[in-house]
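Worth knowing before you read on, the calculation uses all heavy atoms, side chains too, and leaves out hydrogens, waters and symmetry mates. Here, residue 1 is the first one in the sequence, and each next residue gets the next number.
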Amino acid sequence: MTKKAALAVKVLLFALLLAALIWPELSGIKGKASTARLVVYPIGGIALPLYWWARGRRAFPWAADLLMTLPWTIDLLGNRLDLFDTVDWWDDAMHFVLWAFLTAGVLLAFAPRDLSRAVTVFVALGFGTTAAVVWEVGEYAAFVRTSPELRTAYTDTLGDLILGILGALLAGLIVTLYFQRIAGRGTCRKPRSFSENDGLVGLREE
């Protein structure tokens, strides 16, 4: 089920990207660093599969892939439906929710399962904060500095950073609980009883 959902979201992402190329006026991202989005978003959608393939790993983390693909897809869909400009709270909500998705996906894909709760949360905050800063710098360089949004850019940027960091914090807490649940399942398994067939190989009674 998770695999099908991840693949469906990828198909939707690339369909939205293709539509933005063919009908840029309807994409909702014209004038919002559309060229940068058309380059960065597909990379974001295929980064984890490419990394897994390059490293020769076997079991692919479909849940992580789904979470790491959702932010790019939801952002494009929200712009396509004009939600960022017509719904007052949408942009703020997306900075919180999408950063939670992205951070959770990165943790599930790359964080060791034996990290302590505190370290996992700090890793989440480190990644989420860094990614949020990179995003805001990219937005400023790509279109904010030459748009009417420059007048309120400082306040908006601070708010977006705070929401992104809070989303990353929530992701860290949830993933920590998930890791603990998995660890609990491993330790709660009923131990196999010892039988006479479990003796050391080669041991013989004299």
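Residues passing the salt bridge (Lys or Arg N to Asp or Glu O under 4.0 Å) test with Asp85, sequence neighbours excluded: Lys32. Remark: Lys3 engages no residue in a salt bridge (Lys or Arg N to Asp or Glu O under 4.0 Å) (not counting sequence neighbours).
Within 6.0 Å of atom OH in Tyr178, 12 or fewer heavy atoms from other residues, nucleotides or ligands are found, so the atom counts as exposed in its surroundings. In Asp114, the CG atom is crowded: over 12 heavy atoms of neighbouring residues, nucleotides or ligands sit closer than 6.0 Å. Under a cut-off of 6.0 angstrom, the local environment of CZ in Arg117 is sparse, with at most 12 non-hydrogen atoms contributed by other residues, nucleotides or ligands.
Nearest approach of Pro112 to Phe179, heavy atoms of both residues: O-CE1, 4.0 Å. In terms of heavy-atom proximity, Ala124 sits nearest to Leu107 at CB-CD1, 3.7 Å. Nearest heavy-atom pair, Ala171 versus Ala100, reported as atom, atom and distance to 0.1 Å: CB-O, 3.3 Å. Heavy-atom minimum distance, Gly126 versus Thr130: O-OG1, 2.7 Å.
Remark: side-chain polar atoms of Trp135 are not paired, donor with acceptor, to backbone N or O of Gly164 under 3.5 angstrom. The backbone N or O of Ala20 lies less than 3.5 Å from no partner atom in the side chain of Arg80, so there is not a single donor-acceptor pair. Here the side chain of Arg55 pairs no donor or acceptor atom with the backbone of Trp53 at under 3.5 angstrom.
Distance check: Ile182 CD1 to Leu177 CG gives 11.5 Å after rounding to the nearest 0.5 Å. Taking CG from Leu163 and CG from Asp92, the interatomic distance works out to 5.5 Å, rounded to the nearest 0.5 Å. Distance check, rounded to the nearest 0.5 Å: CG of Asp91 to CG of Asp156 gives 7.5 Å. Separation of atoms CD1 (Ile165) and CG (Asp160) is listed at 11.0 Å; rounding is to 0.5 Å. Atom OG1 in Thr120 sits 11.0 Å away from atom CG in Leu125 (nearest 0.5 Å). Remark: Ser34 OG to Leu21 CG distance equals 9.0 Å, nearest 0.5 Å.
The hydrophobic clustering, which links ILVMFWY residues whose side-chain heavy atoms are closer than 4.5 Å, places Leu77 and Leu17 together. Residues Leu158 and Leu169 fall into different hydrophobic clusters, defined by Ile, Leu, Val, Met, Phe, Trp and Tyr side chains chained together at heavy-atom separations under 4.5 Å. When hydrophobic clusters are built by joining Ile, Leu, Val, Met, Phe, Trp and Tyr residues whose side-chain heavy atoms come closer than 4.5 Å, directly or via intermediates, Leu102 is not grouped with Val133. Criterion: ILVMFWY side-chain heavy atoms under 4.5 Å apart, direct or through other members. Under it, Ile162 and Val97 are part of a common hydrophobic cluster. Clustering ILVMFWY residues whenever any of their side-chain heavy atoms sit less than 4.5 angstrom apart, transitively, puts Phe96 in the very cluster that holds Leu83.
Side-chain contact between His95 and Glu136 is present, with heavy atoms from C-beta onward closer than 4.5 Å. Residues Val121 and Val175 are not in side-chain contact: their nearest non-hydrogen atoms beyond the backbone lie 4.5 Å or more apart. With contacts defined as side-chain heavy-atom distances shorter than 4.5 Å, the pair Pro24/Ile29 does not qualify.
Of the candidates Phe84, Trp99, Trp89, Phe101, Met94 forms a side-chain contact (heavy atoms from CB on, under 4.5 Å) with just one, namely Phe84. Only one option out of Leu81, Leu38, Leu13 pairs with Leu76 in a side-chain contact (heavy atoms from CB on, under 4.5 Å); it is Leu13.
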Using a 3.5 Å cut-off and no angle test, enumerate the donor-acceptor pairs between side-chain atoms of residues 62-75 and protein atoms at least two apart in sequence or in another chain.
| unit_1 | atom_1 | unit_2 | atom_2 | d |
| --- | --- | --- | --- | --- |
| Asp65 | OD1 | Lys10 | NZ | 3.1 |
| Asp65 | OD2 | Lys10 | NZ | 3.4 |
| Thr69 | OG1 | Lys10 | NZ | 3.1 |
| Thr69 | OG1 | Asp65 | O | 2.7 |
| Trp72 | NE1 | Met68 | O | 2.9 |
| Thr73 | OG1 | Thr69 | O | 3.1 |
| Asp75 | OD2 | Arg37 | NH1 | 2.6 |
| Asp75 | OD2 | Tyr41 | OH | 2.6 |
| Asp75 | OD2 | Asn79 | ND2 | 3.4 |

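Note: Tyr51 and Phe110 meet the aromatic proximity criterion, with ring centroids under 6.0 Å apart.
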